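Chain letters run A, B, ... following the sequence lines, proteins first, then strands; residues in each count from 1. Remember, predicted model here, so these are calculated numbers, not experimental data. All values below come from the heavy atoms of this structure, side chains included, with hydrogens, waters and symmetry mates left out.
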Protein chains: 2
Amino acid sequence: MKLQLQIKMNEALYLRNPEGSELGKNIIKHGIQLIYKYGFEVFTFKKLAEDIGTTEAGIYRYFENKHKFLVYLTSWYWGWVEYQIGFHTNNLKDPAVKLKRVIKLLASSIEDDEQTSYVNESLLHQIVISEGSKAYLTRQVNEDNKQHFFKPYKDLCATIGNIILECSPKYKYPKSLATTIIEMAHFQNFFMYHLPSLTDFGKSKEETEVIAFLNDLVFSSLKKIK
Amino acid sequence: MKLQLQIKMNEALYLRNPEGSELGKNIIKHGIQLIYKYGFEVFTFKKLAEDIGTTEAGIYRYFENKHKFLVYLTSWYWGWVEYQIGFHTNNLKDPAVKLKRVIKLLASSIEDDEQTSYVNESLLHQIVISEGSKAYLTRQVNEDNKQHFFKPYKDLCATIGNIILECSPKYKYPKSLATTIIEMAHFQNFFMYHLPSLTDFGKSKEETEVIAFLNDLVFSSLKKIK
DNA sequence: TTTTAAATAATAGTAATACTATTATAAATA
DNA sequence: TATTTATAATAGTATTACTATTATTTAAAA
């Protein structure tokens, strides 16, 4: 029997828990596939309904709108990343080694995780790179934030910030450096593939180079005050 | 008589040059105001037409669609920033002083520039912070890029990358560090105001702190190999 | 000057999107 | 068995993002 990994989700993100029914799981599974295929702007609940073989109203029973669906997916992703970080840094003593591990996890593409049957993490990772910031770059950020929609992202930022402080207790910008790592792991990847002249890895297109850049950036800041 | 500053724009971004008529200038002026007011998603050409006192088709004679209008505005902004950087670093010899000046320019809010009558740079700066990345985080990036829509952003990145190399000729990631500065100057500002716990400046909300963080980040990377 | 053509503007449409409201059907409980 | 309750399907609507057609003005040619 397989172990099922469950990410705890904010209930205000959905009308009906998609993890509680076959249709719900299909919405997530095919939703990820279609956003990956079309991009978030061109993706619609109608296309999703047709893809699954249900009606538009069927989707609306689970998610109030497209935006909340995106926030749901990105939240799930950040929760999953947090879990991965916990798992992969569990036995590590040296905080610098831990931090390097975190950077690698954030900047590497991902194999589909068998523990989560209806979520393709590999596609979701790509979606978060291209669409993730659209979850908060909206006019409703403040209201969404009041409902704690961005808690998983904040938790991750806090976790990474704490590892940074373990490395250099006197460093003054742990949280800002954490968001810099998170966002740049994704942006440099996006630029590398789509606007290569904005990076120094346009030729090789190697994730390892993004990782090297981030390591250099982060440990230059931390080493001098260690 | 006033000097008029003109930013050279990619002609593929518009159907008819908006700088060449009163209606065109009004589209830019009121477009900036309305995107600032509503956010890009809620902003429509119909609202813009009503605001100006023309018809929807009137706008479509100038811009093919909303997306190209956003790309136009962000291009204009990056061109203007490039001009500002040239202007403010003109007489500076020391590249480190130059780079500090650039960081300050990117991370500071802006006063409206009198040289450009129909563009409110202060509002446009806020728009680029919240909406700027939506110009390239789309499914059409590759085609848009082929038409050189992102040249002003790339030019700016190259300019900053060169200043970085002046500081430290052996630094390996000048372009990636440049995009990190540009993006983080904006993201840290957005987070500071909307998701403050993602930064270390949530309490004070001081732009000077963002600047200090970026200076620390950049010069830590550069100093050690100077 | 008159005619003609080219450019510009206004009007009226349309397909698609993002929903909502209503009605129908099935399952669970009294 | 009757009756809530939950779920699903159908049909609708306002708005969006455009396009096509017609009208008007301006400019150039005859």
Participant: Hey, can you pull the donor-acceptor pairs under 3.5 Å for the side chains in residues 188-196 of chain A, sequence neighbours left out?
Facilitator:
unit_1   : atom_1 : unit_2   : atom_2 : d
A/Gln188 : OE1    : B/Ser176 : OG     : 2.8
A/Gln188 : NE2    : B/Ser176 : O      : 3.4
A/Gln188 : NE2    : B/Thr179 : OG1    : 2.9
A/His194 : ND1    : B/Asn142 : OD1    : 3.1

Participant: Validate the cation-pi geometry between A/Lys66 and A/Phe43: distance from NZ or CZ to the six-membered ring centre under 6.0 Å, angle to the ring axis within 45°.
Facilitator: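 Because its charged atom misses either the 6.0 Å distance or the 45° angle limit, A/Lys66 does not stack over A/Phe43.
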Participant: Do any of residues 12-34 of chain B sit with a heavy atom less than 4.0 Å from DNA chain C, and if so which?
Facilitator: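 When residues 12-34 of chain B is checked for heavy atoms under 4.0 Å from DNA chain C, the hits, listed by number, are B/Arg16.
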Participant: So, using side-chain contact (heavy atoms from CB on, under 4.5 Å) as the criterion, who are the partners of A/Ser197 when residues are at least two apart?
Facilitator: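 Result, side-chain contact (heavy atoms from CB on, under 4.5 Å) vs A/Ser197: B/Lys154.
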Participant: Which pairs would a plain distance check flag for residues 146-153 of chain A, meaning a side-chain donor or acceptor within less than 3.5 Å of a matching protein atom at least two apart in sequence or in another chain?
Facilitator:
unit_1   : atom_1 : unit_2   : atom_2 : d
A/His148 : NE2    : A/Lys146 : O      : 3.4
A/Lys151 : NZ     : A/Asp155 : OD2    : 3.0
A/Tyr153 : OH     : A/Glu183 : OE2    : 2.4

Participant: Expected output is a numbered-order residue list: members of residues 55-63 of chain A with a heavy atom under 4.0 Å from any atom of DNA chain C. What is it?
Facilitator: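 Output list: A/Glu56, A/Tyr60.
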Participant: Checking B/Glu19 now: which residues fulfil salt bridge (charged side-chain N to carboxylate O under 4.0 Å, His left out) with it, not counting sequence neighbours?
Facilitator: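 Expected list: none.
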Participant: Strictly by side-chain hydrogen bond (donor to acceptor under 3.5 Å, both in side chains), give each pair with a member in residues 36-60 of chain A just once, sequence neighbours left out.
Facilitator: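 Checked against side-chain hydrogen bond (donor to acceptor under 3.5 Å, both in side chains) - neighbours excluded - the pairs reaching residues 36-60 of chain A are A/Glu41-A/Lys134.
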Participant: For DNA chain D, which nucleotides open and close the run of contacts to chain A, 5' to 3', at under 4.0 angstrom from a non-hydrogen atom?
Facilitator: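 Nucleotide range in contact with chain A: D/dT7 to D/dT10.
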Participant: Does A/Arg139 have any salt bridge (charged side-chain N to carboxylate O under 4.0 Å, His left out) partners at least two apart in sequence or in another chain, and if so, which?
Facilitator: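 Once residues adjacent in sequence are excluded, the partners of A/Arg139 under the salt bridge (charged side-chain N to carboxylate O under 4.0 Å, His left out) criterion are B/Glu131.
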Participant: With A/Trp80 as reference, evaluate A/Ile7, A/Ile85, A/Val119 under the side chain to side chain contact (heavy atoms under 4.5 Å, CB included) test and give the passing residue.
Facilitator: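 Answer after filtering A/Ile7, A/Ile85, A/Val119: A/Ile7.
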Participant: Looking at residues at least two apart in the chain, or sitting in another chain, which of them share a side-chain contact (heavy atoms from CB on, under 4.5 Å) with A/Lys104?
Facilitator: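 Per chain and number, A/Lys104 pairs via side-chain contact (heavy atoms from CB on, under 4.5 Å) with A/Ser108, A/Ile211.
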Participant: Among A/Ile35, A/Thr74, A/Ile59, which residue satisfies the side chain to side chain contact (heavy atoms under 4.5 Å, CB included) criterion with A/Phe69?
Facilitator: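 Per the side chain to side chain contact (heavy atoms under 4.5 Å, CB included) rule, the option paired with A/Phe69 is A/Ile35, out of A/Ile35, A/Thr74, A/Ile59.
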Participant: Show, in sequence, the C-alpha distance, side-chain angles and deciding distance for A/Tyr72 and A/Tyr62, and conclude whether the ring-ring contact (aromatic ring centres under 6.0 Å, His included) test is met.
Facilitator: CA-CA 11 Å; A/Tyr72 180 94; A/Tyr62 288 82; over 10 Å; no
Participant: Looking at residues at least two apart in the chain, or sitting in another chain, which of them share a side-chain contact (heavy atoms from CB on, under 4.5 Å) with B/Ser122?
Facilitator: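 Once residues adjacent in sequence are excluded, the partners of B/Ser122 under the side-chain contact (heavy atoms from CB on, under 4.5 Å) criterion are B/Asn120.
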Participant: Scan residues 40-53 of chain A against DNA chain C and write down, sorted by residue number, each residue with any heavy atom closer than 4.0 Å; if none is found, say none.
Facilitator: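 Of all residues in residues 40-53 of chain A, the ones placing a heavy atom under 4.0 Å from DNA chain C are A/Thr44, A/Lys47.
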